[in-house]
2 protein chains.
Amino acid sequence: MQEHLLISKATVDRLPRYYRCLRQLTDEGVEIASSEELGRRLAINPEQIRKDLAFFGQFGKKGVGYYVAELKESIGTILGLDHHWNVAIIGMGHLGAALANYQGITRLGFRLAAILDANPIVIGTRVGERRVEDIAYLAEIIAERDIRIGVIAVPAAAAQSVADKLVAAGIRGIWNFAPVKLRVPPNIPFVSEDLSVGLSSLSYYLSHAVPEETELSDKNSRD
Amino acid sequence: MQEHLLISKATVDRLPRYYRCLRQLTDEGVEIASSEELGRRLAINPEQIRKDLAFFGQFGKKGVGYYVAELKESIGTILGLDHHWNVAIIGMGHLGAALANYQGITRLGFRLAAILDANPIVIGTRVGERRVEDIAYLAEIIAERDIRIGVIAVPAAAAQSVADKLVAAGIRGIWNFAPVKLRVPPNIPFVSEDLSVGLSSLSYYLSHAVPEETELSDKNSRD
DNA sequence: TAGATTGTTAATCGATTAACAATC
DNA sequence: TAGATTGTTAATCGATTAACAATC
């Protein structure tokens, strides 16, 4: 629980990219990397990277660069990836199944501790290493297993109701995949993924004459 | 193919949200909406909305507001959703299956014209209304069916190779779900979805003391 | 007409980029 | 030591917000 005041969303969203890049460098056996090198790999200005990191401390060595392992650890801690929080997925449709099998969740240090659904036909079936449980027991399961993050993968119509139940059960954060505007208390952070934005904006760029270089975004950039 | 010069990514990314909101208003039978009303629903400043729209023309009536049906059409056209382009999904793992069943693709006016995979066990199986075809025929299929958008849902290691094949086959845009930095020619727009960014940033907000109101983003905002 | 709301220009705010002293 | 690279302050750039004249 580090202090933090007004770190911009843009900066927070770049941290996971730094983290992934550092993990790759580790895999490649690279021990030291300069902001220049990181910037080349991520298509981000070295100045930007140094600035972002400066919000959280001093991680580099002047004249040398950053120790990859060390910086990876530090950013992991900043992102809270060392908490190994328990996660529950609510809704075992195609998307829920994809998320349940998504390597990223465990690779980032989270534990998939429950998979819930309302459909009697689905309840009891195996998904990866877990069995789907009845959403009727949501409150007990969240509390007993100390589940901190709820992943909403139910149809849009059911999403708000699931969010309400999660909040009532003491969830700490919500990762929402339903295309609705969730209403949750201001102290419960949540991130909504809206795939239709990505596809629509791709459509936009296809429809319009594309100038020389097409830089689509920070997050989606050609990095 | 409308003219466009330097519309910011921030603006382009808001258009799909306006579009969705207008579709909802249509469903609700609302015929006229002011930027004020749209702003309330989307948690976006009315000024921002009017500014965004102004890049593309004059769509409202002073003293009245916007005709919902009309504006929805206009934004749909701007986004290129009236093109009804053919789409191919490459990779029929859990994610590919989720995307093949994702309503959003058709709801936005695209047509799922091919599903490809390299795995002999998967080839020939039915997914929704289509059968999985052999990725070996990628080039022919893309060309023959006039497929414009390729969706990459293969493992990270195979993504660049698939992207290369798509480009060689004449694809016009790529929607990439593999966590890699794709290298494609500058005239081929692509959008990469990286779920780990969303989960990591959620983790960040959970880890740090959350100030009064937690505004997570434009795209991910509590709208 | 009076009230409402757009389209657009001007002001503000915040984020990115440049520059450079500190120092490994 | 000389060269390289950080951390950080200052300058720039761009996006958001505010204000308001035009007008339905």
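Quick note on labels: first sequence line is chain A, next is B, and so on, each numbered from 1.
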Quickly work out the [X] [atom1] to [N] [atom2] distance and round it to whole Å.
X       : N      : atom1 : atom2 : value
A/Tyr66 : D/dA4  : OH    : P     : 17 Å
B/Glu36 : C/dT6  : CD    : P     : 8 Å
A/Leu6  : C/dC13 : CG    : P     : 14 Å
B/Leu53 : C/dT5  : CG    : P     : 16 Å
B/Glu37 : C/dT5  : CD    : P     : 11 Å
A/Ile49 : D/dT6  : CD1   : P     : 9 Å
B/Phe56 : C/dT6  : CZ    : C1'   : 18 Å
A/Tyr67 : D/dT5  : OH    : C1'   : 12 Å

List the atom pairs, donor and acceptor, that lie under 3.5 Å between side-chain atoms in residues 149-167 of chain A and the rest of the protein, sequence neighbours left out.
residue: A/Gln160; atom: OE1; partner: A/Arg183; partner atom: N; Å: 2.8
residue: A/Gln160; atom: NE2; partner: A/Asp164; partner atom: OD1; Å: 2.8
residue: A/Gln160; atom: NE2; partner: A/Arg183; partner atom: O; Å: 2.9

According to a 3.5 Å limit on both distances, what stems of 3 or more consecutive Watson-Crick or G-U pairs are formed with DNA chain C?
-> C:3-24 with D:3-24
With a 4.5 Å limit on heavy-atom distance, are the side chains of B/Leu22 and B/Tyr19 in contact?
-> no
Pair A/Asp194 + B/Arg20, salt bridge at N-O below 4.0 Å | yes
Using a strict cut-off of less than 4.0 Å between a Lys/Arg side-chain nitrogen and an Asp/Glu carboxylate oxygen, indicate whether A/Arg50 and A/Asp52 qualify as a salt bridge.
-> no
Under 3.5 Å, is there a donor-acceptor pair linking the side chains of A/Thr77 and A/Ser74?
-> no
After noting the C-alpha distance and the side-chain angles of B/Val87 and B/Trp175, does the key distance pass the side-chain contact (heavy atoms from CB on, under 4.5 Å) rule?
-> CA-CA 10 Å; B/Val87 171; B/Trp175 197 20; over 6 Å; no
Hey, does the side chain of [X] reach the backbone of [Y] with a donor-acceptor pair shorter than 3.5 angstrom?
X        : Y        : answer
A/Ser201 : A/Gly198 : yes
A/Tyr102 : B/Ser196 : yes
B/Thr11  : B/Ile7   : no

Determine, for nucleotides 15-24 of chain C in 5'-to-3' order, which nucleotides have protein heavy atoms under 4.0 Å from the base (write B), from only the sugar-phosphate (write S), or from neither (write -).
-> SBBBB--BBB
Ignoring backbone atoms, test whether B/Ser35 places a side-chain nitrogen or oxygen under 4.0 Å from the OP1 or OP2 oxygen of C/dT5.
-> no
